[in-house]
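Naming: A, B, ... by sequence-line order, numbering from 1 per chain. Just so you know, these numbers come straight off a predicted model, no measurement behind them.
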Amino acid sequence: MSIYDSLNPEQLKAVQHGEGPLLILAGAGSGKTRVLTHRIAYLIEECGVNPFNILAITFTNKAAGEMRERVDNLIGFGGESVWVATFHSTCVRILRRYIDRIGYDKGFTIYDSDDQKTLVREVCKYLNIDTKTYKEKTFINVISSCKDECITPEGYEASNPANPNTIRNARVYREYQRRLKAANALDFDDLIMKTIELFDADKEVLENYRQRFKYIMVDEYQDTNTAQFKLVSKLATYTTEDGEVQHNLCVVGDDDQSIYKFRGANIKNILNFEDTYPDTKVIKLEENYRSNGNILDAANEIVKNNIARKSKALWTKKDKGEPIHYTTYYNEYEEAEGIAGEIERLSADRPYRDFAVLYRTNAQSRVLEEKLVMNSIPYKVYGGVNFYQRKEIKDVLAYLKVLLNPSDDIAIKRIINVPKRGIGLTTIDKVEAYAAEQGISFFDALLQVPFIPELKRAGDKLTSFANFIRSESAHLLSASISEVTKEILEETGYLEMLKEDEDDETLSRVDNVDELLNKIIAYEEDEGPEPRTLAGFLEEVSLVADIDSLDNNEEGDAHNHVTLMTLHSAKGLEFPVVFIPGMEDGLFPGYMSITSDDPSDIEEERRLCYVGVTRAMEKLYLSNARTRMSRGEQMYNKPSRFINEIPRYLLQTTASEKPDVYEQSKRIRSGYGDSYGKNFDTESSLFSSSSSRISSAKQSKGKSDLFSNPYIMKGMGGLKDGSNPDYGVGDKVSHIKFGVGVVKEMNPKDGDTEVVIEFEGENVGVRKLRASFAKLKKL
DNA sequence: CTCAAGAGCCTTTTT
DNA sequence: GGCTCTTGAG
């Protein structure tokens, strides 16, 4: 019995493909990762390829990690020499070695999107561009899409030199690049583009990698942009000893799952692959191993409406399964409650980790969270704000970045007055002007403070800050990263500052900093192939996404929770039970795509819908709300057009609206007066009491639920929620972030009430919260 | 230089 | 509705 016996004939064909370009069109759930890993094994074991000569590229660290693990399991000895990495980390590794050949320093810093924004803002200020008339975002988009297409500022300007907008954008782009270079920094897009530049500039380096990466595999090929395509096609040119030129490039993708056009993904890369490489072998994987028949039929019917696609139809040997549940709710609160109730009901037979709620926009998660907490259902929200993008984490990292690369102006300006050192904007401007005049970096200007006549009293503060940075930098030579970090936190008073203005609402910033320290220590202790350096740590950290931490395969209670994430983040994942709320025209498909002149925008939304539907293995729940609050405005959306694209016989439709809703709401309104009765949200909290699912204990929460609704609070004119809480010492309450806990103390404090609660969550413990801020619900 | 209240902004986001 | 940035007063 060999490892290849478990493959179907098409998969086997792909695995056994030898030299030459190969395009694998792998539908959702058709086992593409299996094919990729088995192909790597086949090349090594059956074709005698040296693992060292294989490169496998993915988009996410998570995908790379999974592939790494599976390759190691399949191959055993030698498997670790296969180069498995993301596009970005591959480029970083190459650039760290050779970037000096295109005039950068090897110790370059990587700028994330926040740094990028800050830099663009500075550039606009410098160029006297009013950011009210011309948005920074526009410039960021222009720069990013230029880089996706490998276009330089000059090339961009030349594309339309008569257009004043083009000229302006090009000026910003050029100045932005100049500053990046001065700071010895690269943004994410640069990582790809500079690698290409390096390959173009230095044939020796290119040839070196071409001969090394004899076999190249690219996962999620439909999401590659032009730059990534260029990079891969440059590399995939191997010359044998006989002088024969081979393109041993194997790409795997699904044009129906291309959902990142807005980030520059070029769907033509996959649609035209065969034109680029005429001797391409094409293999389609159409058997789906994931979803029930009805789910798959629905997915096929939806995506069939797209014009720009390679025809293919997924099929399965599995049963039809149950129909797709489609429910129309009254509003988003009722929708969230319905979902929470259904999860509660189904969770009698299956663990929470089986469930996922996938939404179009991150903003939708709030209501869902609220209702899950009320039902005591464990959940985790993925995406949203990345750990490494949190203010306090970025601050600490900025200190570390400066130690390593003092030219990093963005980082140094971030921390120069954090914690407060009495160095204000005027002072910073003066230093900056001096630095610009002398053509030196901000930090170097700090060292010359005595020579800046405009600076009087602030001078000493600047000098002592610069000295502090220098001494910590020197300290790094003899101490570990974590020791230096701790010292910085203490010496600067940063930790103290956090402790002082610790806010009730945000999960403790101090805890986050602790978590960062833990990560640093873990990094130091984990003996990798590379030596443990600050540069290595910062690099690892700058290339991770929140989604990478997702692990729904792990057993144990710690990982047993419902998953909440956007449809985008869900790609590549699967769940037995999937809910997709907000199936409404205007939300999904989004408003922008409906009003766009470009019909392909709707097609991208449709593919996103296809991705969402095909995440479900057994049960799929679609729903829409007749009305929902969005951006502070009441919206009345029609059901999504994608619902209509699913044949009726696949759907089981329910309208959850109850006939006595209006009667009930009238009763309540008359009880409290008319001032807030006009909004529909008032009713949301009432549905729960009329619903049979909700236990009697929860029915008593009526009042606190009203308080939790911000809209109603406004109507109550000045009544502060929490000034008069309905809970007391000994009551069980729930908090949106901290979960369930018991009230220990209630202390009046400046017209408010300080509530001390002992939470059940392991990492939460006892917290002091202010009643008016913490939206506590009595259970 | 600092704080606090108002104005303005929103999609999706692998790195 | 909620977050971030700006602006104006102390």
Side-chain angles (χ1 to χ4, degrees), chain A residues 57-64 85-92 110-114 116-118 121 131-132 135-137 141 144 148 186-192 219-220 222-225 228 257 259-265 332 358-364 366-367 382-386 388-389 391 417 420-428 457-458 461 501 505-506 539-548 550 565-573 582 586-594 596 601 604-605 607-608 611-612 628-634 681 709-711 713-714:
Chain A
I57 303 188
T58 64
F59 274 84
T60 63
N61 293 302
K62 184 179 187 330
T86 64
F87 268 103
H88 295 266
S89 62
T90 299
C91 289
V92 171
I110 301 169
Y111 274 6
D112 69 12
S113 28
D114 282 336
Q116 201 178 15
K117 203 170 152 196
T118 314
R121 191 168 304 146
T131 49
K132 275 185 189 122
K135 301 268 178 307
E136 292 134 47
K137 233 184 121 178
N141 285 337
S144 185
D148 286 344
L186 302 185
D187 64 21
F188 284 136
D189 299 316
D190 273 343
L191 294 176
I192 314 285
D219 194 13
E220 304 281 12
Q222 75 282 349
D223 293 331
T224 50
N225 61 33
Q228 287 158 337
Q257 292 188 68
I259 53 173
Y260 284 105
K261 198 184 77 173
F262 71 93
R263 271 206 96 265
E332 73 269 33
L358 311 177
Y359 34 79
R360 179 66 239 269
T361 64
N362 278 313
Q364 288 170 261
R366 182 164 280 116
V367 193
Y382 291 89
V385 197
N386 187 333
Y388 293 105
Q389 283 173 345
K391 220 180 288 157
N417 199 28
K420 303 258 171 341
R421 296 186 178 89
I423 301 172
L425 246 148
T426 18
T427 311
I428 293 174
R457 222 168 327 148
K461 294 170 187 162
D501 62 35
E505 274 302 285
T506 46
E539 183 171 309
E540 208 173 278
V541 149
S542 60
L543 295 176
V544 294
D546 189 48
I547 196 75
D548 294 331
L550 182 119
M565 57 168 67
T566 62
L567 288 152
H568 281 92
S569 313
K571 195 174 64 163
L573 306 175
L587 181 61
F588 188 32
Y591 178 73
M592 295 298 268
S593 68
I594 293 174
S596 160
D601 286 347
E604 175 137 320
E605 296 275 314
R607 290 192 293 270
L608 188 57
V611 167
R628 94 168 49 230
M629 192 68 115
S630 138
R631 297 185 211 161
E633 233 185 319
Q634 198 71 39
D681 281 7
N709 187 322
Y711 220 104
M713 279 156 48
K714 269 189 200 162

request  = Using a heavy-atom cut-off of under 4.0 Å over every strand shown, decide if A:T427 touches base, sugar-phosphate, or nothing.
outcome  = sugar-phosphate
key: Nearest heavy-atom neighbours spanning A:A63 and A:T58   = CB-CB, 3.9 Å
query = Looking for any heavy atom pair under 4.0 Å, which part of the strands does A:Y260 touch: base, sugar-phosphate only, or nothing?
reply = base
task = Kindly write out the residues that satisfy ring-ring contact (aromatic ring centres under 6.0 Å, His included) with A:Y591, not counting sequence neighbours, or none if the list is empty.
result = none
task = Taking only the side-chain nitrogens and oxygens of A:N225, find out if one of them lies under 4.0 Å from OP1 or OP2 of B:dT14.
result = no
request  = Calculate the interatomic distance between A:L573 atom CG and B:dT14 atom C1'; express it in whole Å.
outcome  = 11 Å
query = Among all residues two or more places apart in sequence or in another chain, which pass the salt bridge (charged side-chain N to carboxylate O under 4.0 Å, His left out) test with A:R628?
reply = A:E335, A:E584
query = Looking for any heavy atom pair under 4.0 Å, which part of the strands does A:D223 touch: base, sugar-phosphate only, or nothing?
reply = base
key: Residue pair A:D148 / A:D189, side-chain heavy-atom distance below 4.5 Å   = yes
query = B:dT11 P sits how many Å from A:M565 CE, rounded?
reply = 20 Å
inquiry  = Heavy atoms only, 4.0 Å cut-off, all strands: where does A:T426 land among base, sugar-phosphate and nothing?
reply    = sugar-phosphate
query = Which part of the nucleic acid does A:G590 contact within heavy-atom distance under 4.0 Å: base, sugar-phosphate only, or nothing?
reply = nothing
Atom-pair distance (CD on A:Q364; C1' on C:dG1), nearest Å = 14 Å
task = Describe the nucleic acid contact of A:K137 in one word from base, sugar-phosphate, nothing, applying a heavy-atom distance below 4.0 Å.
result = nothing
ask   = Whole Å only: how far is the CG atom of A:L608 from the P atom of B:dT11?
value = 15 Å
List, with names and distances, any nitrogen or oxygen atoms from the protein found under 3.5 Å away from nitrogen or oxygen atoms belonging to nucleotides 5-9 of chain B.
none

inquiry  = Under 4.0 Å from OP1 or OP2 of B:dT13: is there any side-chain N or O of A:S113 that close?
reply    = no
query = Strictly by modelled atom types, are A:S596 and A:S593 linked by a side-chain donor-acceptor pair under 3.5 Å?
reply = no
B:dC3 OP1/OP2 closer than 4.0 Å to side-chain N/O of A:K420 = yes
ask   = C:dC3 P sits how many Å from A:K391 NZ, rounded?
value = 10 Å
message = Side chains of A:Q116 and A:S113: any donor to acceptor distance under 3.5 Å?
response = no
request  = Assign A:L425 to base, sugar-phosphate, or nothing according to its heavy-atom contacts below 4.0 angstrom with the strands shown.
outcome  = sugar-phosphate
ask   = In whole Å, what is the span from the CZ atom of A:R121 to the P atom of C:dC5?
value = 6 Å
query = Can A:F262 be said to stack with the base of B:dT11, given centres closer than 5.5 angstrom and planes under 30 degrees apart?
reply = no
key: SB check A:E604 A:K261 (cutoff 4.0 Å)   = no
ask   = Contact class for A:N417 vs. all strands (heavy atom < 4.0 Å): base, sugar-phosphate, or nothing?
value = sugar-phosphate
Rounded distance (Å) that lies between atom C1' of B:dT14 and atom OH of A:Y388 = 17 Å
ask   = What nucleotide, of B:dT12, B:dT14, C:dG2, holds the atom closest to the side chain of A:T60?
value = B:dT14
message = If the cut-off is 4.0 Å, is A:T58 near the phosphate of B:dT14, judged by side-chain N/O to OP1 or OP2?
response = no
message = Tell me whether the side-chain N or O atoms of A:R360 pair up with the base of B:dT12 as donor and acceptor below 3.5 Å, since no angle test is needed here.
response = yes
ask   = With under 30° as parallel and over 60° as perpendicular, where do the rings of A:F262 and A:H568 fit, or are they tilted in between?
value = perpendicular
query = Counting any heavy atom closer than 4.0 Å, what does A:E605 reach on the DNA or RNA strands: base, sugar-phosphate only, or nothing?
reply = base
key: Touch class at under 4.0 angstrom, heavy-atom based, for A:L587 against every strand present   = nothing
request  = Could you pick out which residue, A:G424 or A:S542, lies toward the 5' side of DNA chain B when each is mapped onto its nearest nucleotide?
outcome  = A:G424
inquiry  = Please report whether the ring centroid of A:H88 lies less than 6.0 Å from that of A:F59.
reply    = no
